[in-house]
Amino acid sequence: MNLFDEKRIRGLYWDGESLHFIEQTKLPHSEEVIVTRDWRVIVDAIKRLAIRGAPAIGVAAAFACVLAWREDENQKAWNDKLELIESARPTAVNLSYAVRRIRETMQAGDEEDCDANITSEAEKIAIEDDAMCESIAKHGIQLFKPGTRVLTHCNTGALVTYGIGTALGIIQHAWQTKNIEQVYACEARPLGQGSRLTMWELGKLGIPATLLTDSASGRLMQDGKIDCVILGADRIAANGDTANKVGTFILATLASRFEIPFYVAAPSTTFDLNISSGQNIEIEYRDADEVRNCYTHQASPKDVNVYNPAFDITPAELITAIIREDGVFYPPYDFTERST
Ligand code: MRU
């Protein structure tokens with residue numbers, strides 16, 4: 001399987017025995033794939049952001065659970081490994097969702113069929129993710145009309161799902177149906193998911209795109225160059241509050257200031273309806289060196305204090321609509337109802 005096939009980039013691929021994944025930390029300089037049967041390699045990849053983005057983290061975690069079982073088929077050891085897998089990153093709820101599904105499948109199945117049962121459940125999680133991306137894109141394009149200039153943040157495409165992506169999947173469909181004039185992508189410092197990954201994906205798709213520093217977004221909107229903002233999510237609370245890549249809250253606040261529609265696209269696996277608001281979402285704080293260094297170059301005096309949240313929370317009141325695989329939701333958000 002060529003994960004870099006021009007016709008369909010795949011961030012992840014499961015061949016029944018091994019997980020293949022694009023080493024995202026190396027992009028765009030080098031296009032490398034890691035093929036592994038070791039669950040520890042997957043956990044490490046999630047922590048390092050070699051595998052990243054909420055849906056991809058969930059799918060990869062499901063296969064990590066399968067590989068962890070195959071290591072020694074020992075229930076007690078497996079439960080301990082699942083805890084390590086589940087705690088690889090805290091904010092994207094897709095991770096605990098996937099591990100819970102695999103754990104429940106194991107508990108519900110016959111002892112002789114453990115491997116087959118959990119493997120088929122992990123494959124189901126991946127296939128469902130692919131299908132949800134397609135449905136999100138179909139619902140999302142109704143929000144676009146010819147000539148749309150759209151701003152996005154972080155990276156939400158094929159690299160971070162088992163399918164075409166969430167927000168970037170919508171952008172891809174809107175481009176194919178001639179409803180996009182230009183995509184603007186924020187850099188997403190400190191790790192450049194926008195500059196390194198979204199610009200790389202848009203380039204492969206042949207979609208016209210312009211990169212900006214995160215702090216240029218206000219000027220861009222003030223300049224009248226943006227018709228809507230669309231991005232993904234790591235966790236959405238029952239009231240619609242949304243955790244996503246740090247900087248999302250700034251964009252939502254600016255979009256509200258300029259009366260620009262602000263859209264979030266995510267599969268149901270990213271919704272955490274057990275929590276009433278974003279206040280209950282754990283935000284991951286990452287290593288200070290990510291900010292002290294600009295990629296590989298030192299960008300500040302060595303030991304400066306750093307504030308480095310990976311995500312922020314955008315209050316639901318700033319979100320114009322949320323696109324899920326079953327439709328488009330508008331405020332006041334009630335995700336237990338079917339969407340309009
Ligand atoms: O820290 P990252 O790169 O994993 O953050 C990812 C994001 O914030 C994405 O926008 C989100 O997971 C949606 S992916 C479809």
Side-chain angles (χ1 to χ4, degrees), residues 9-12 21-25 27 42-43 45-61 88-98 129-130 132-137 140 151-172 185-198 200-201 214 229-236 242-252 262-272 278 281-287 290-291 308-314 319 322-325:
I9 293 163
R10 288 170 177 270
L12 300 169
F21 65 89
I22 292 180
E23 164 53 272
Q24 294 191 40
T25 65
L27 289 173
I42 299 174
V43 170
I46 292 173
K47 288 184 177 168
R48 294 187 297 109
L49 272 54
I51 297 173
R52 47 149 295 282
I57 292 173
V59 172
R89 290 189 79 189
T91 304
V93 73
N94 306 60
L95 176 56
S96 51
Y97 166 84
D129 188 61
D130 184 9
M132 286 189 287
C133 290
E134 289 297 330
S135 303
I136 287 170
L151 174 63
T152 192
H153 188 47
C154 200
N155 171 251
T156 60
L159 287 172
V160 292
T161 61
Y162 212 74
I164 58 167
T166 57
L168 217 56
I170 296 174
I171 288 173
Q172 186 181 338
C186 288
E187 194 180 13
R189 270 283 284 152
L191 296 178
Q193 287 91 333
S195 50
R196 292 186 305 107
L197 307 175
T198 297
W200 178 83
E201 281 199 57
D214 299 324
V229 179
I230 190 163
L231 36 68
D234 284 80
R235 191 184 298 219
I236 300 175
T242 293
N244 190 49
K245 178 53 54 198
V246 68
T248 299
F249 175 42
I250 297 176
L251 293 177
F262 185 91
Y263 303 125
V264 171
S268 48
T269 47
T270 300
F271 287 69
D272 189 349
I281 299 177
E282 183 183 349
I283 296 292
E284 173 184 13
Y285 286 80
R286 291 187 61 87
D287 198 288
E290 290 182 352
V291 176
N308 187 20
F311 304 99
D312 58 25
I313 310 282
T314 299
I319 302 172
I322 298 181
I323 305 129
R324 200 167 71 172
E325 71 275 9

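Counting starts at 1 for both ligands and their atoms, following the listed order.
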Short N or O distance, [X] and ligand 1, threshold 3.5 Å exclusive:
X	result
Gly53	yes
Arg89	yes
Gly232	no

Is it the side chain, the backbone, both or neither of [X] that has a heavy atom closer than 4.0 Å to ligand 1?
X	result
Ala233	backbone
His153	neither
Ala310	neither
Lys245	both

Atoms in ligand 1 flagged as close to Thr166, the criterion being non-hydrogen separation under 4.0 Å:
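Those of ligand 1 that fall under 4.0 Å from Thr166 are 15 (C).
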Which ligand 1 atoms are under 4.0 Å away from a heavy-atom of Val160?
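Answer, ordered by atom number: 14 (S), 15 (C).
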Identity and separation of the nearest protein heavy atom to [atom]:
atom	value
atom 7 (C) of ligand 1	Asp234 OD1, 3.1 Å
atom 3 (O) of ligand 1	Arg52 NE, 2.4 Å
atom 10 (O) of ligand 1	Asn244 OD1, 2.7 Å
atom 12 (O) of ligand 1	Ala54 N, 2.9 Å

Is Leu231 near ligand 1, meaning one of its heavy atoms is under 4.0 Å from it?
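No.
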Test side-chain hydrogen bond (donor to acceptor under 3.5 Å, both in side chains) on Arg52 and Asn155; report intermediate values, then the result.
CA-CA 9 Å; Arg52 47 149 295 282; Asn155 171 251; 3.1 Å; yes
